Trainee: 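Sharing a structure here in structure tokens format.
All figures in this text were calculated on a predicted structure; none of them were measured in a lab. All chains are named by letter (A, B, ...) in the order of the sequence lines, taking the proteins before the strands, and each is independently numbered beginning at 1.
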2 protein chains.
Amino acid sequence: MKRPTIADIARRAGVTKSTVSFALNGRPGVSDATRTRILDIAREMGWQPSRAARALSGGRAGVLGLVVDRPARTLGIEPFFMQLISGIEGELSSRDIALMLQVTEDADAQRATYRRWWAERRVDGVFVVDLCVDDERIKVLAELGMPAIVVGGPQGLGGLPGLWNDERTAVRSVVEYLVALGHRRIARVAGLPGLWHTVMREEAFEDAARELGVTPSGGTTDYTGDAGARATRRLLSSSTPPTAIVYDNDVMAVAGLSVATEMNIRVPDRLSIVAWDDSVLCRLVHPPLTAISLDIPAYGAEVARRLADLSAGRPVTSACHATPVLAPRGSTGPAPVL
Amino acid sequence: MKRPTIADIARRAGVTKSTVSFALNGRPGVSDATRTRILDIAREMGWQPSRAARALSGGRAGVLGLVVDRPARTLGIEPFFMQLISGIEGELSSRDIALMLQVTEDADAQRATYRRWWAERRVDGVFVVDLCVDDERIKVLAELGMPAIVVGGPQGLGGLPGLWNDERTAVRSVVEYLVALGHRRIARVAGLPGLWHTVMREEAFEDAARELGVTPSGGTTDYTGDAGARATRRLLSSSTPPTAIVYDNDVMAVAGLSVATEMNIRVPDRLSIVAWDDSVLCRLVHPPLTAISLDIPAYGAEVARRLADLSAGRPVTSACHATPVLAPRGSTGPAPVL
DNA sequence: CGATTCTACTTAACCGGTTTTTCAAGCGTG
DNA sequence: CACGCTTGAAAAACCGGTTAAGTAGAATCG
């Protein structure tokens, strides 16, 4: 009933612990006959290595960590994280690495978690999400020498390897698409202004607008549906309301759609809506939302692969993962004739 | 630069490892003077215990596990899990316990994960979610003797402690509310038929319907928006369509609302909609959905508290946590006059 | 006042692996 | 046949904690 250890195996095989260890790890110095016998006994006894013992002597925990810094209520609603985690998981479990998750209330707690995890050797590395401008975490991680990969970039990485998506191209394709439909007043309801990807999308949006002769407008939010609804109400109440709005996430886009419905502004007849971050949510509402789509689980898997490599001591470089593509649905159409 | 160990502290303090260990753990047998000195040195050197070493000698990993068995795409959309995790986290982090997360593809993989985690001593216990009728996991956990708490119940626990909510009362209050509004044909779009909570809600719904003279109808789904939409279309196309529909989760309720909009059936004038599982999603759409609301983070925190106790060897009993309450919003109204 | 109990430590073993060192036997070779 | 070389395995140290057992010296006690 008790869990077998290599000492138990050694006793049964009539050899010493070290021989068992060598045999189980496929290292030389053990005859084929002995090795086979040991492996058979280990299998028969249902032996599994103790992670704690391995971590203690080998120095590796076999765990990677993810700290998410979002308030409880808003966390749940965004499908992004769960999809990312799901993708990360798929990759890690095939490598027998576990994922440790921590939800924190603020950035300070997040940095404290990194320090604690590293000091306690609980994890071999961490995924860094929601990269901010002047992100303090970068410094902490560099100081600790902790393997880390940024889920984002290419700006603001500060020496850490990152994996990002080509959002600039995606933003451009959205603006081009809307312009082709005749829209000239396009608004963007952005997410948190401190996040790098908000900054980058904003830049790309303004560049594209300028080049294509479009009047941009917009504002930043905290990603919540409420904020999205408020921003939408403000935009639609202006004297020169936009004919198309691009939202930085799906939740705000859905909220924006509700506001339009509530204000009796038909979508897509009088207003076109585009959501960043495609998810079931976008297909759930009526009309279904045109969205910028990305295979998030695949992104998570690739990020996980890289962090696993990094924490195993293999060199990892920064890279661009993919270009999100526009998935046109019922919420976008020709601009209304003014 | 190297991480300090208790041996380092011992050397600096001029005592032995064991004295340091006793001092740091607040155990008797150390003079106050020595204890203070040791604590000061430990603080100064920035000592943190090695989890691996503790796990190895103490036998406890300081980690609790959660295995979620949902396909990647649908996982993200349901706010329930993230809220639950968030609540669990809040409680665990205050006790310095970490949470290990694994997303699996099927029930077999889930059981395999339990076995592996236990064999490797990676976790001290697990949270069991989505309890099924004849759930194989119960047997595995009992066989392993692994501390576990079921997030659900009271039926189907098979000896495991559980923490559930009084859904029977909640179901009843919903039916009473709808009957008071004049509804006599009420449908229920249920979730997965194999889950215990689906079975219990179904029973409660039929009991309440019978007692209150209501004609029930409905069907089971896989919780996805698509399935919810299909079920809604079928119900609304029947010769005697329901005047109110209760959905087993918020995603399906939103999908149902879209279907009604698409079929030009005004909500709540001609159809009332109630969602189980309140979330931002319900307030996001127009009209906002009447929902059965529960403080999920608080539920998660209580569950975490219990599992932490259980894995620490303290006895834990099964209990009912709370009764979900009805939050009336714009999607419910008086039954249409036929 | 000698025996006993406390106090404050030290010594040493242990948890379950990995890794370095040591050693004996078998082998070919000049 | 003495020598070095290789091979297969044992012995022992180590990772960083916890903990049972042992031991001085001081306090208590009949």
Side-chain angles (χ1 to χ4, degrees), chain A residues 2-39 41-42 45-63 96 116-122 124 312-313, chain B residues 2-39 41-42 45-63 96 116-122 124 312-313:
Chain A
K2 223 184 100 283
R3 204 162 77 88
T5 70
I6 56 168
D8 298 327
I9 299 176
R11 208 171 305 119
R12 282 265 298 263
V15 295
T16 59
K17 284 203 311 175
S18 34
T19 305
V20 174
S21 176
F22 277 36
L24 291 170
N25 289 299
R27 311 184 69 190
V30 185
S31 68
D32 282 352
T34 310
R35 186 185 302 273
T36 318
R37 188 156 45 91
I38 290 173
L39 290 178
I41 293 175
M45 296 179 84
W47 176 84
Q48 295 272 102
S50 152
R51 282 289 164 171
R54 278 222 168 133
L56 187 55
S57 69
R60 294 255 302 283
V63 180
D96 208 27
R116 191 163 42 75
W117 276 358
W118 191 239
E120 294 181 346
R121 289 284 191 276
R122 277 206 124 143
D124 300 322
Chain B
K2 221 184 100 283
R3 204 162 77 89
T5 70
I6 56 167
D8 298 327
I9 298 176
R11 208 171 305 121
R12 282 263 300 261
V15 295
T16 58
K17 284 203 310 175
S18 31
T19 305
V20 174
S21 177
F22 281 130
L24 291 170
N25 290 299
R27 311 178 91 211
V30 185
S31 68
D32 282 352
T34 310
R35 187 183 302 274
T36 318
R37 190 155 45 91
I38 290 174
L39 290 178
I41 293 175
M45 297 179 83
W47 177 85
Q48 294 273 100
S50 152
R51 280 294 164 169
R54 279 222 168 131
L56 188 55
S57 68
R60 294 253 304 282
V63 181
D96 208 27
R116 190 163 43 75
W117 275 357
W118 191 239
E120 294 181 348
R121 289 282 190 276
R122 277 207 125 140
D124 300 322

Trainee: Can you find a pair of side-chain heavy atoms, one from Glu120(A) and one from Asp96(B), that are under 4.5 Å apart?
Mentor: yes
Trainee: If I take atom CG in residue Asp32(A) and atom P in nucleotide dT7(D), what distance separates them, rounded to the nearest angstrom?
Mentor: 13 Å
Trainee: Using side chain to side chain contact (heavy atoms under 4.5 Å, CB included) as the criterion, point out the one residue from Leu24(A), Ile9(A), Ile38(A), Ile6(A) that pairs with Thr19(A).
Mentor: Ile38(A)
Trainee: Heavy atoms only: give me the nearest Val63(B)-Arg122(B) pair and the separation to one decimal.
Mentor: CB-O, 3.5 Å
Trainee: Spell out protein contact along nucleotides 11-21 of chain D as letters: B when the base is contacted, S when just the sugar-phosphate is, - when no protein heavy atom is under 4.0 Å; keep the 5' to 3' order.
Mentor: BB--BBBBB--
Trainee: Between Asp8(A) and Arg3(A), does any side-chain N to carboxylate O distance fall below 4.0 Å?
Mentor: no
Trainee: Please find the pair of heavy atoms, one from Pro4(B) and one from Met45(B), that lie closest to each other, and give the distance.
Mentor: CG-O, 3.3 Å
Trainee: If you measure from CG on Leu56(B) to CZ on Arg54(A), what distance do you get to the nearest 0.5 Å?
Mentor: 13.0 Å
Trainee: If you take all heavy atoms of Phe22(A) and Val30(A), which pair is closest and at what distance?
Mentor: CB-CG2, 3.6 Å
Trainee: Report each atom pair, protein N/O against N/O of nucleotides 4-7 of chain C, whose distance is under 3.5 angstrom.
Mentor:
none

Trainee: Would you kindly give the CD1-to-P distance between Ile38(A) and dT18(C), to the nearest whole Å?
Mentor: 13 Å
Trainee: Quick test of your reading of the model: are Asp32(B) and Arg37(B) salt-bridged, counting only N-O distances below 4.0 Å?
Mentor: no
Trainee: Tell me: CZ of Arg51(A) to P of dG17(C), nearest whole Å?
Mentor: 11 Å
